[in-house]
Amino acid sequence: MSHFETDAIRIQQRSNQREHSSALYLSSSFVFESAEEARAMFAEEIQGNIYSRYSNPNSSDLIDKVCRAEGTEDGIATASGMAAMFGSIASLLQQGDHILASRSLFGSTHQLLTRVFPKWGITSTYGDISDYQNWDKLLQPNTKMLFLETPSNPGLEIIDLEWAGKFAAAHGLILVVDNCFATPYLQQPAHWGAHLVTHSATKYIDGQGRVLGGLILGKKELIDEVRFFTRHTGPSLSPFNAWILSKSMETLAVRMDRHCENAEKVARYFEGCPHLDRVSYPFLPSHQQHDLAIKQMKAGGGILTLTVKGGLQRAQRFIDKLQMISITPNLGDSRSIVTHPASTTHSKLSAEERQKVGITDGLIRLSVGLEHYEDILQDVERSLEQSK
Ligand SMILES: *Cc1c(COP(=O)(O)O)cnc(C)c1O
């Protein structure tokens, strides 16, 4: 099959039990027919499920679908997005290696690079994406990886994936792209030369705020190296969560269409609103990298940011006045969600670090859900009025 929507629905590992919906395999291990078969499977002479820490039919189901969607050969499903970020770096780098990363990153990824990996002698430098031309000056003789997030969380910065693919190739770097915000439906980094694509499947892939999950996808050769690491360190996705996420893939395309449509309507409606300093959304012409967003994304995504006038206190008053939209740190849910990054997801960054990536005290991240857009508009508008 060839279309995204069809593959996401029809690719399915089948048992011989004739079930229509995928079965759930709650089994920690799998039975061998003989001592010889056990030997051959461990020796990887024949493929098959051995133990659910290594593989399980439900995680294989999910991986098959997401690989088809991303245009990658192989993948690994992990227990959370952070397990995927950690695994993709820890499996491929070693003491003394250096990472060049885009400055605007998910809060925990930032902590990984600045506080966790340095303990093992893996260091990082951040590049400002408005200054690409000078990134070769940030390279060190030991730079091995280019780690990017686009659109970034929560700054919604867009990085030119075509440029990134060429830059990584020219300097022999492993290019890793966290594709959580765009999902494979809106953008496929492997097409532009990313060696690994990572996901927090917790977000849009689940899409209903139920389970955690992560994915590491790429060429088979590289994934085999990552697999060695995950197989022996154990961040495996549970079969139940894999089953949920595989089912969710079936509706990703229609959900994303509506998330994007709603988000764009909300962004357009509030642009120029007197209570706001700024509305940022990749598909608004006022977005700094609008042309780039149009070039590499099918639509603008489901996230926008609003910068309220009046800083922290106004931002908090606004959030407290909301009646429908939930206050919770998740995103990509069918329910609209607000987050105040400076005091929550990015509070561990220093004020100076937040400043550099544009996380001001008035910045509010809005993950636009699948409710009717007029109800979302109304909740935001009334709360802006009441928070004056
Ligand atoms: C949420 C998120 C992660 C981490 O994923 P978890 O599933 O919460 O561990 C990583 N990157 C981005 C961009 C995210 O939004």
Side-chain angles (χ1 to χ4, degrees), residues 59 62 66 70 75-90 99 101-117 124 126 129 147-159 161 176-187 189 194 196-217 230 233-238 240-242 244-245 248 256 259 263 282 297 301-305 328-333 337-341 344-349 357-359 363 365-369:
S59 53
L62 171 66
V66 186
E70 286 282 6
I76 288 157
T78 58
S80 69
M82 285 322 297
M85 306 310 148
F86 178 76
S88 59
I89 297 171
I99 302 169
S102 49
R103 193 185 296 284
S104 183
L105 289 176
F106 180 68
S108 291
T109 309
H110 180 83
Q111 297 303 319
L112 260 191
L113 298 188
T114 52
R115 309 260 294 268
V116 178
F117 281 115
S124 301
Y126 289 117
I129 63 131
F147 193 103
L148 307 174
E149 205 178 292
T150 178
S152 67
N153 182 1
L156 300 175
E157 287 185 340
I158 310 287
I159 296 164
L161 289 171
V176 184
V177 178
D178 180 345
N179 202 28
C180 171
F181 266 38
T183 83
Y185 182 61
L186 302 184
Q187 131 190 315
L196 289 182
V197 179
T198 56
H199 277 283
S200 167
T202 314
K203 311 295 168 55
Y204 287 104
I205 292 182
D206 173 32
Q208 289 164 75
R210 297 164 296 186
V211 301
L212 298 188
L215 289 149
I216 308 171
L217 311 156
T230 53
T233 53
S236 336
L237 182 63
S238 82
F240 178 70
N241 288 9
I244 293 268
L245 294 168
S248 299
M256 287 314 289
H259 277 297
M297 295 171 73
I303 314 280
L304 55 97
T305 61
T328 176
N330 199 14
L331 59 90
D333 195 304
I337 288 171
V338 284
T339 305
H340 183 250
T344 61
T345 54
H346 290 70
S347 58
K348 299 279 190 312
L349 272 66
V357 293
I359 302 175
L363 184 88
R365 184 183 76 194
L366 179 60
S367 169
V368 178

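Atoms within a ligand are numbered from 1 in the order they appear, just like the ligands themselves.
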Side-chain heavy-atom pair Ile359, Pro341 within 4.5 angstrom cut-off: yes

Can you check whether Phe86 and Phe117 have ring centres sitting under 6.0 Å from each other? yes

Any side-chain heavy-atom pair from Val357 and Tyr126 closer than 4.5 angstrom? no

Side-chain heavy-atom pair Phe181, Glu149 within 4.5 angstrom cut-off: no

Between the side chains of Arg365 and Thr345, does any donor sit under 3.5 Å from an acceptor? no

Using heavy atoms and a cut-off under 4.0 Å, could you grab the residues that are in contact with ligand 1, chain by chain, numbers ascending? Ser80, Gly81, Met82, Met85, Phe106, Glu149, Asn153, Asp178, Cys180, Phe181, Ser200, Thr202, Lys203, Gly213

Of Ile158, Thr150, Leu161, which meets side-chain contact (heavy atoms from CB on, under 4.5 Å) against Met297? Ile158

